[in-house]
Asker: 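Starting off with a structure, shown below.
Position 1 is the first residue of the sequence, and the numbers go up from there. Every value quoted in this text rests on a predicted model; they were computed, and no experiment measured them.
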Amino acid sequence: MYPYYDHYRQNQKLVSDLIKAINGEYSATQCYARLAAMAPNAEQRDRINEILDDEEKHLRQFTQIYTTLTGKRPRPQIIEECGDTYLEGIEASFKDEQKTTDFYHEVADEAADPVVKEVFRR
């Protein structure tokens with residue numbers, strides 16, 4: 001009925017999803033940095049740092065999309081706990097990755113913009 005309103009509503013949902021994604025990625029980067037520092041050996045530290053690099057890349061991509069859509073920079077916040085020990089942090093990160101993947105696929109399925117769709121699929 002009102003195409004502008006539908007477009008506005010879709011953008012508002014995308015902005016809300018981006019805020020959630022940015023906060024999630026920011027939380028993950030903080031956790032992985034902490035886990036890398038606690039890693040019991042160089043091999044595990046290197047693997048965690050590879051994951052950290054990916055999370056930082058995702059954070060930059062989501063931040064760029066958010067800034068393009070809103071004209072503002074986001075203010076990321078930690079929204080997920082990492083755990084107090086190395087093992088708790090690894091377990092929390094593993095569960096978070098599984099949950100995040102499902103959320104990102106939902107956002108990608110709803111996105112109209114092919115660039116946004118692709119970023120969330122990756």
Side-chain angles (χ1 to χ4, degrees):
M1 183 196 274
Y2 298 104
Y4 175 78
Y5 179 73
D6 287 342
H7 179 72
Y8 174 79
R9 199 173 68 221
Q10 286 174 342
N11 274 349
Q12 286 304 107
K13 170 103 170 68
L14 178 56
V15 168
S16 175
D17 289 342
L18 282 164
I19 291 169
K20 182 177 178 180
I22 288 166
N23 288 337
E25 293 296 336
Y26 179 72
S27 298
T29 61
Q30 301 304 301
C31 184
Y32 284 122
R34 190 167 156 212
L35 291 173
M38 291 192 293
N41 59 54
E43 180 184 357
Q44 289 184 31
R45 184 174 43 258
D46 291 346
R47 286 190 178 165
I48 292 168
N49 280 324
E50 285 179 27
I51 296 168
L52 175 58
D53 290 344
D54 285 343
E55 300 297 335
E56 288 172 338
K57 177 183 170 189
H58 299 154
L59 180 58
R60 282 191 305 273
Q61 289 174 320
F62 293 144
T63 297
Q64 181 179 7
I65 294 169
Y66 177 90
T67 303
T68 299
L69 277 176
T70 66
K72 297 183 257 181
R73 300 272 307 159
R75 293 188 188 140
Q77 299 175 10
I78 294 177
I79 58 170
E80 295 153 2
E81 294 300 317
C82 184
D84 293 326
T85 67
Y86 182 71
L87 183 56
E88 288 173 353
I90 294 292
E91 289 175 350
S93 296
F94 183 74
K95 288 177 186 175
D96 180 63
E97 287 296 327
Q98 291 176 314
K99 181 180 67 176
T100 299
T101 298
D102 293 339
F103 170 64
Y104 288 176
H105 286 163
E106 289 173 19
V107 175
D109 289 345
E110 294 171 358
D113 184 290
V115 172
V116 172
K117 190 177 282 288
E118 184 63 22
V119 168
F120 273 95
R121 274 213 203 289
R122 289 187 185 183

Asker: Please check if the side chain of Asn23 supplies one atom and the backbone of Gln77 the other of a donor-acceptor pair under 3.5 Å.
Answerer: yes

Asker: Would Lys95 and Glu91 pass as an ion pair if we require N to O under 4.0 Å?
Answerer: no

Asker: Pairs in or reaching into residues 57-78: which pass salt bridge (Lys or Arg N to Asp or Glu O under 4.0 Å), with residues at least two apart or in two chains?
Answerer: none

Asker: Give a yes or no on whether Leu59 and Val15 share a hydrophobic cluster (residues Ile, Leu, Val, Met, Phe, Trp, Tyr; joining criterion: side-chain heavy atoms under 4.5 Å apart).
Answerer: yes

Asker: By side chain to side chain contact (heavy atoms under 4.5 Å, CB included), which residues pair with Glu43, not counting sequence neighbours?
Answerer: Asn41, Arg47

Asker: Can you check whether Phe120 reaches Leu18 side chain to side chain, under 4.5 Å on heavy atoms?
Answerer: yes

Asker: Would you say that more than 12 heavy atoms from the other residues, nucleotides or ligands in this model lie under 6.0 Å from the CD of Gln64, or not?
Answerer: no

Asker: Flag yes if more than 12 heavy atoms outside Arg121 fall under 6.0 Å of its CZ atom; otherwise flag no.
Answerer: yes

Asker: Return the minimal non-hydrogen interatomic distance between Ile79 and Gly24, and the atom names on each side.
Answerer: CD1-N, 3.7 Å

Asker: Please confirm whether the backbone N or O of Tyr26 pairs with a side-chain atom of Thr29, one donor and one acceptor, at under 3.5 Å?
Answerer: yes

Asker: If you round to the nearest 0.5 Å, how far is CD1 of Ile22 from OH of Tyr66?
Answerer: 7.0 Å

Asker: Check side chain to side chain contact (heavy atoms under 4.5 Å, CB included) between Ala39 and all other residues, then give those that pass, not counting sequence neighbours.
Answerer: Gln44, Arg45, Ile48, Tyr86

Asker: Atom OG in Ser27, atom CG in Asp96: separation rounded to 0.5 Å?
Answerer: 8.0 Å

Asker: Just verifying a value: how many Å separate Asp113 CG and Asn11 CG, rounded to the nearest 0.5 Å?
Answerer: 9.5 Å

Asker: Ignoring hydrogens and geometry, is there a side-chain-to-backbone donor-acceptor pair from Arg34 to Gly89 under 3.5 Å?
Answerer: no

Asker: Within this structure, what is the CG-CD distance for the pair Asn49 and Glu55, rounded to the nearest 0.5 Å?
Answerer: 12.5 Å

Asker: Would you confirm whether Ser16, through its side chain, and Gln12, through its main-chain N or O, come within 3.5 Å as a donor-acceptor pair?
Answerer: no

Asker: Any idea which heavy atoms bring Glu88 and Asp84 closest together, and the distance?
Answerer: OE1-N, 2.9 Å

Asker: Starting from Leu14, can I reach Phe103 by hopping between I/L/V/M/F/W/Y residues whose side chains sit under 4.5 Å apart?
Answerer: yes

Asker: Identify the two heavy atoms, one from Cys82 and one from Ala92, that lie closest to each other, and give their separation to 0.1 Å.
Answerer: O-CB, 3.6 Å

Asker: Atom NZ of residue position Lys117 - does it have more than 12 heavy atoms of other residues, nucleotides or ligands inside 6.0 Å?
Answerer: yes

Asker: Nearest 0.5 angstrom please: Glu25 CD to Thr63 OG1, how far?
Answerer: 9.5 Å

Asker: Tell me whether Leu87 is reachable from Leu35 by hopping between hydrophobic residues (I, L, V, M, F, W, Y) whose side-chain heavy atoms are closer than 4.5 Å.
Answerer: no

Asker: Between Glu50 and Asp54, is any pair of side-chain heavy atoms under 4.5 Å apart?
Answerer: no

Asker: Indicate if Leu69 and Tyr104 have the same hydrophobic cluster label, given that clusters are the connected sets of ILVMFWY residues with side-chain heavy-atom separations under 4.5 angstrom.
Answerer: yes

Asker: Is there a side-chain contact between Pro74 and Ile19, using heavy atoms and a 4.5 Å cut-off?
Answerer: no

Asker: Just checking Glu118: does its CD atom have more than 12 heavy atoms from other residues, nucleotides or ligands closer to it than 6.0 angstrom?
Answerer: yes

